[in-house]
Amino acid sequence: MPRVVFNQKGGVGKSTIACNLAAISASRGARTLVIDLDPQGNSSQYLLGADVAAEKEGTTEFFNQMLSFSLKAKKIEEFVHETPFENLYVLPARHELETLQSKLESKFKIYKLRDGINELKQFDEIFIDTPPAFNFFTQSALIAAERCLIPFDCDDFSRRALYQLLANVEEIRTDHNAKLIVEGIVINQFQARASLPQRVVDELIAEGLPVLSAYLSTSVKIRESHEAAQPMVFFEPRHKLTEEFIALFDELDEKKKGKPISRLQ
């Protein structure tokens with residue numbers, strides 16, 4: 001079940017959320033893959049370490065081979081790498097990925113990621129991290145995914161951007177991927193003692209938007225886990241933020257098992 005983590009705004013925690021949910025999935029025994037489509041490569045560096053991630057072939061090479069016909073083209077699984085964590089794998093990204101975008105668009109390769117993911121039968125869960133833009137790579141991810149998770153960081157700018165984001169997701173669902181569901185809005189970097197975040201969240205809920213009940217708080221520990229290249233479930237298993245990620249994962253798991261999930265209206 002491919003899940004895309006998407007927001008057009010930068011700094012809202014897409015990579016952090018994708019990697020930490022994937023790590024929890026892997027820790028519970030599911031073979032789990034993170035696909036990094038962001039040229040910044042934050043997910044790749046988080047799971048492999050910066051030095052190792054820079055050396056690995058991944059999404060850059062997977063997409064690049066589509067620009068010229070070759071009988072020796074590699075399958076997507078050949079660009080997948082093990083991480084130091086059991087059951088957790090990554091298809092990494094490097095900054096060179098960004099240079100391919102216009103060429104891929106002109107050759108209409110928008111469905112190639114979906115086709116590649118359909119070949120990956122060995123994984124129980126797939127998380128796709130996207131760049132902070134509604135571009136070729138994000139659209140490819142939304143076409144390939146079944147569910148979309150939207151991080152939200154509780155400020156007015158994010159709220160204004162959210163409506164356009166939802167419209168873009170709906171456009172992809174209508175035109176390219178009827179299976180795509182908005183799984184939920186993840187409240188990230190939540191400050192319970194501040195009045196503005198709670199007011200903004202309450203207003204989103206009042207509007208009927210699919211806000212998930214498990215909130216993620218702000219903590220310096222997440223930056224430390226980035227530096228250590230260890231998702232929180234491995235870095236600080238008993239930390240409050242780890243427990244919040246686990247609560248979020250469990251909520252999503254319950255929804256996946258059959259509880260209703262909102263579609264865009």
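A heavy-atom distance below 4.5 Å is not found between the side chains of L37 and T138. When side chains are defined from C-beta on, F6 counts as touching V169, because their heavy atoms get closer than 4.5 Å. Side-chain contact between F152 and R159: present, with at least one pair of heavy atoms (C-beta onward) separated by less than 4.5 Å. At a threshold of 4.5 Å between non-hydrogen side-chain atoms, the residues V90 and L48 count as touching. F134 is listed as a side-chain neighbour of L142, based on a closest heavy-atom distance under 4.5 Å. Contact check for L97 versus F137: side-chain heavy atoms found under the 4.5 Å cut-off. The shortest side-chain heavy-atom distance between L104 and I110 does not fall under the 4.5 Å cut-off. Two residues are said to be in side-chain contact when any heavy atoms from C-beta on lie closer than 4.5 Å; C148 and I181 fail this criterion.
Under a 3.5 Å cut-off, the side chain of Q45 and the backbone N or O of Q40 do form a donor-acceptor pair.
For the residue pair N87 and T32, no side-chain donor N or O sits within less than 3.5 Å of a side-chain acceptor on the partner. Between S43 and D129, the side chains place a donor N or O and an acceptor N or O closer than 3.5 Å (distance only, hydrogens not considered). There is a side-chain donor-acceptor pair under 3.5 Å between Q164 and N168.
Nearest heavy atom pair, residue L47 against residue P231, reads CD2-CG, 3.7 Å.
Take E236 and apply the salt bridge (charged side-chain N to carboxylate O under 4.0 Å, His left out) test, not counting sequence neighbours, and it matches K221. T218 meets the side chain to side chain contact (heavy atoms under 4.5 Å, CB included) test with Q189, Q191; sequence neighbours excluded. A search for ring pair (Phe, Tyr, Trp, His ring centres under 6.0 Å) contacts involving H226 returns Y46, not counting sequence neighbours. E86 meets the salt bridge (charged side-chain N to carboxylate O under 4.0 Å, His left out) test with no other residue; sequence neighbours excluded.
To the nearest 0.5 angstrom, N188 atom CG is 5.0 Å from L216 atom CG.
Counting non-hydrogen atoms of neighbouring residues, nucleotides and ligands closer than 6.0 angstrom, the CD atom of Q198 exceeds 12 such neighbours. By the neighbour-count criterion of 12 heavy atoms within 6.0 Å, atom CG of D175 is densely surrounded, having more than that number from other residues, nucleotides or ligands. In the displayed structure, E96 atom CD is contacted under 6.0 Å by more than 12 heavy atoms of other residues, nucleotides or ligands. For CD of E224, the number of neighbouring non-hydrogen atoms (other residues, nucleotides, ligands) closer than 6.0 Å is greater than 12.
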Listed pairs under 3.5 Å, donor-acceptor, residues 114-124 side chains, sequence neighbours left out:
from: N118; atom 1: ND2; to: R114; atom 2: O; distance (Å): 3.3
from: K121; atom 1: NZ; to: N118; atom 2: O; distance (Å): 2.9
from: D124; atom 1: OD2; to: R31; atom 2: N; distance (Å): 2.8

Q.
Using the rule given for side chain to side chain donor-acceptor pair (under 3.5 Å), can you reason through N135 versus Q139, listing the C-alpha separation, both sets of side-chain angles and the distance that settles it, and then say yes or no?
A. CA-CA 6 Å; N135 62 14; Q139 293 171 40; over 6 Å; no
Q: Report the C-alpha distance between I17 and L149 in whole Å, list the side-chain angles of each, state the deciding distance to 0.1 Å, and finish with yes or no for side chain to side chain contact (heavy atoms under 4.5 Å, CB included).
A: CA-CA 9 Å; I17 290 170; L149 202 59; 4.3 Å; yes
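In this structure, R223 does not pair ionically with E227, as no charged nitrogen and carboxylate oxygen lie closer than 4.0 Å.
No continuous path of hydrophobic side-chain contacts links V12 to L252 [ILVMFWY only; heavy atoms under 4.5 Å]. Note: the hydrophobic cluster containing F79 also contains M66 (ILVMFWY, side chain heavy atoms under 4.5 Å, direct or indirect links).
A ring-ring contact (aromatic ring centres under 6.0 Å, His included) check over residues 230-249, counting only residues at least two apart or in different chains, returns the pairs F85-F234.
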